[in-house]
Amino acid sequence: MAIAVRNLTKYYGSEKAVDNISFDVKTGEILGFLGPNGAGKTTTMKIITCYMPPTSGSVEVEGYDIHTQSLEVRRKIGYLPENNPLYLDMNVMEYLEYTGKLHQMNGASLKNRMKEMIDVCGLGSVRYKDIGELSKGYRQRVGLAQAMIHDPDVLILDEPTSGLDPNQIIEIRNLIRQLGRAKTVILSTHILSEVQATCDRVIIINEGVIVADGTLEQLRQEFHGAEVVTVELKLPDAVSANPMTEVYPKLQSIPSVDAVEYTGAENATHRFVVRTAKGVDVRESLFRMCVHEGWVLIELSRKTTSLEEVFHKLTKQEQ
Amino acid sequence: MSRNVQLPRFTNVRTICQKELRSYFNSAVAYVVLVVFLVIIGWVYTNSLFLLNIASLRIFFEWVPSVFLFVVPAITMRLMAEEKKIGTIELLTTKPLEDWEIVLGKFCAAWLLIAIALVPTLLYYLTVALLGNVDHGTVIGGYLGLLLMAGVYVAIGLFASTLTENQIVAFIVAFLIMALLYWFDKILIFVPGFLTSVVEYLGIDYHFSSIARGVIDTRDLVYFLSLLGFSLYLAVVMLERRKW
């Protein structure tokens, strides 16, 4: 187990930021830490990286305890803090050299590693520029290069793509995936698509409590509610005049259907939304009914619950 | 954090010290400080040399401490406050370093900068040595006293810089503490008799003048070193405050 978090609780004064959370991260896993702002993601990361201790509970990173073996833990971790703080008056090479030295690297091995990180992170063209002159995308690369300079086993990235434009986001995500191939990664975000794009597993945290933990597929299955099918029908004139009495009851009479909703018409085309219980596929019955009744089926689409909805549900319901 | 005693790994201190010195010289800070320092001191010194016809370093050693009051806080104010303000403190403290190594590295950088600023003043010493008789003992004592005093001031300034993320506040706090120490033995006449020796002992100028006379007394050394150590200790404590 690369990271084992046990019963972590953190109070700021009387305010509880993290409430008794426990989870494991397996070696080589990319874990997405998802939650709205202020959910406790950053606090948890600050504890794992030994920036501050928890009020109670413990964390082990690669078998080292944050309380008693803080230096070893810090040696194992590459950390990109929230908002990616950097020394703006240093150039990229100076900065990487400095962070490498702070990891007790030196000489040829440091030089080689710096070169490698410059290549991997695509910093070649800006290596002698002051960090203050770089765009946000490049700064983020510098932040990642800095976190990776000592080839850590564990990468902790706090909102690595916040504030970037869409192209930069894609670049940074690719970089993270590439860098994270041989590493254990925890990545926090409040953006769901981020997790979908990069992570193997996701933990959703809200108000300091873990509300969901699993792969994306598991979460989708576990938390989605009813199946929703939209049908668009072109009806014969006689029926089209009265969809509510001619069509509606028939749709409702399909055994597995829970509810039907009429959402409007355009000329002779009428739209219905059919809901069934979770895991039931009503599309075949609908099709057969249309054939039987002589309705023309224009559109038939099933909408599965998106992760967006899962996330929304999990993080809103407690308010 | 770790309780087991370790041998100091001064490589970390050196890394931080180098970085801070480099950023002094990369920005204008170092040059401004050097120029301001040398201009003021040079003016005072040449005044005494040419106008008063005194070939002595006494005036120099009298003036430097009060120039320190402004120069040192200007050097130290950014050391911690800036890291806190831009958030790099979080990077620094999550590297495998002890907090005291961070503090000591930054202390050394600022102290070295002051020492560097003092180097050109050796020219005054040379001119005086050429023009007249110099008591070499007092000069050595004077420089030693200046370095010790600068050490104490830098430690205090560093501590002030850990208190806030606002550099102006760090400057003012550092200046006030230094000024208090500096003026302690200048307010003796307002102090009740039984307290005078205590207040006098607290004053930094009292100990400085004693060393600058060429007399190296352990009591003065103890005063400087304990004040220096205590201020650095407070700075470490303040840095660790994030953990409370």
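Letters go in sequence order (proteins before strands), and every chain restarts at 1. For the numbers below, each heavy atom of this structure counts, side chains included, while hydrogens, waters and symmetry mates do not.
With a 6.0 Å radius and a threshold of 12 heavy atoms from other residues, nucleotides or ligands, B:Y233 has its OH atom at or below the threshold. Enclosure of atom CZ in B:F230 is not indicated, since only 12 or fewer non-hydrogen atoms of other residues, nucleotides or ligands lie within 6.0 angstrom. In the displayed structure, A:E15 atom CD is contacted under 6.0 Å by at most 12 heavy atoms of other residues, nucleotides or ligands. Counting non-hydrogen atoms of other residues, nucleotides and ligands closer than 6.0 Å to OH of A:Y87 gives a total above 12.
With rounding to the nearest 0.5 Å, the separation of CG in A:N84 from CD1 in B:I86 is 11.0 Å. Taking CD of B:E90 as the start and CG of A:L80 as the end, the distance is 10.0 Å to the nearest 0.5 Å.
Only the side chain of B:L92 comes within less than 4.5 Å of a heavy atom in chain A; its backbone stays farther off. Heavy atoms closer than 4.5 Å to chain B are found in the backbone of A:L86, but not in its side chain. For chain A, no part of B:E82 is nearby; none of its heavy atoms comes within less than 4.5 Å. Using a 4.5 Å cut-off between heavy atoms, A:Y95 contacts chain B through its side chain alone, with no backbone atom that close. Heavy atoms closer than 4.5 Å to chain A are found in both the backbone and the side chain of B:T94.
Closest non-hydrogen pair, A:P85 versus B:L91, comes out as O-CD1, 3.1 Å.
Among the candidates A:E94, A:H150, A:E72, A:E97, the residue making the largest number of heavy-atom pairs closer than 4.5 Å to chain B is A:E94.
Contact of the B:R14 side chain with the A:K101 side chain is not registered, since no non-hydrogen atoms from C-beta on lie closer than 4.5 Å. Counting heavy atoms from C-beta on, the side chains of A:L102 and B:K19 never come closer than 4.5 Å. A heavy-atom distance below 4.5 Å is not found between the side chains of B:T93 and A:M52.
Looking at A:Q104, its side chain does come within 3.5 Å of a backbone N or O of B:P96 through a donor-acceptor pair.
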Apply side chain to side chain contact (heavy atoms under 4.5 Å, CB included) to the pair A:R74 and B:K95, showing each step before the final yes or no.
CA-CA 6 Å; A:R74 284 184 263 171; B:K95 296 280 183 268; over 6 Å; no
